[in-house]
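Any value given below was found using the heavy atoms of this structure, including those in side chains, with hydrogens, waters and symmetry copies removed.
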Amino acid sequence: MLQFFSKYKFFAVVLFILSAIIISIIYTILKPKRILQVYAPEMVNTELVDSTVQYVRKYHKIADFKLTNQNGKTITQEDYKDRIYVADFFFTTCQTICPIMTGHMKEIQDRLKDDQEVLLLSHSVTPKIDSVARLKKYAIEKGVDDSKWNLVTGDKKQIYDLARKSYLAAKSDGDGGPYDMVHTENFVLVDKKKRIRGFYDGTNPEEIDRLIEDIEVLKQENPSE
């Protein structure tokens, strides 16, 4: 008996390896492909959605914008054309959640520094205070890579409308006026078609890992999907 097994040991090992490979291939074929949700206003907490768009069920996209970055350059949707990007809202004088969020955006920047498909976009919610010069100083202090990450300022109402009507990321009460204030921890993942594909708590390290994973899923998506 021992001689029999010894004689066919090589074939048994080969058969075992082939079986493992076949099982692995079958599992890969049958395993469903993970696809990220495309978010519409109707699917999001109504507190975070402006009343004018709360009942939109599909075809929601980030509105066109025209803002100014830390280098005084005008930034529009064209700068993010055919790119995946992560957006958030902050202000340079914030001492609570913003430093944590900025640190996590810096982590995303560093982890994806060689990935040309992904960019970052941070909107100041106190644009009158956050001048181009102040944003530049802040960018240098925080290690912002100008080629990958824009910190933008501009018209307050435009920025607040983006937060509430486009990114669906901030409390909806307010009109973007002098006494209005947006303060949100949300990071928003936007695809190459300007659609929202995910929301993440920018203060939570585990959420940053999830965001990075979702970016990889999004990069594998068929452009027609």
SB check Glu206 Arg210 (cutoff 4.0 Å): no
Atom of Val188, atom of Ala169 and distance for their closest heavy-atom approach: CG2-CB, 4.0 Å
Pairs touching residues 83-98 that satisfy salt bridge (charged side-chain N to carboxylate O under 4.0 Å, His left out), sequence neighbours left out: none
Distance in Å, Lys81 NZ paired with Thr76 OG1, rounded so as to fall on 0.5 Å steps: 10.5 Å
Pairs touching residues 57-68 that satisfy salt bridge (charged side-chain N to carboxylate O under 4.0 Å, His left out), sequence neighbours left out: Glu42-Arg57, Asp64-Lys194
Ring centroid separation Phe199 to Phe187 under 6.0 Å: no
Pair listing, ring pair (Phe, Tyr, Trp, His ring centres under 6.0 Å) test, anchored in residues 109-157, at least two apart: Phe89-His123, Phe90-Tyr138, His123-Tyr167
N-O pairing of Glu117 and Lys192 below 4.0 Å: yes
Heavy-atom closest contact (Val118 atom, Lys148 atom, distance): O-NZ, 2.6 Å
Close side-chain approach of Cys98 to Phe91, heavy-atom, < 4.5 Å: yes
Pair listing, salt bridge (charged side-chain N to carboxylate O under 4.0 Å, His left out) test, anchored in residues 118-129, at least two apart: none
Of all pairs that satisfy ring pair (Phe, Tyr, Trp, His ring centres under 6.0 Å), the ones with a partner from residues 62-83, not counting sequence neighbours: Tyr80-Tyr85
Qualifying salt bridge (charged side-chain N to carboxylate O under 4.0 Å, His left out) pairs with a residue from residues 107-116, counting only residues at least two apart or across chains: Lys106-Asp110, Glu107-Arg111, Arg111-Asp209, Asp115-Lys219
Polar side-chain atom of Arg134 near backbone of Thr92 as donor-acceptor pair, under 3.5 Å: no
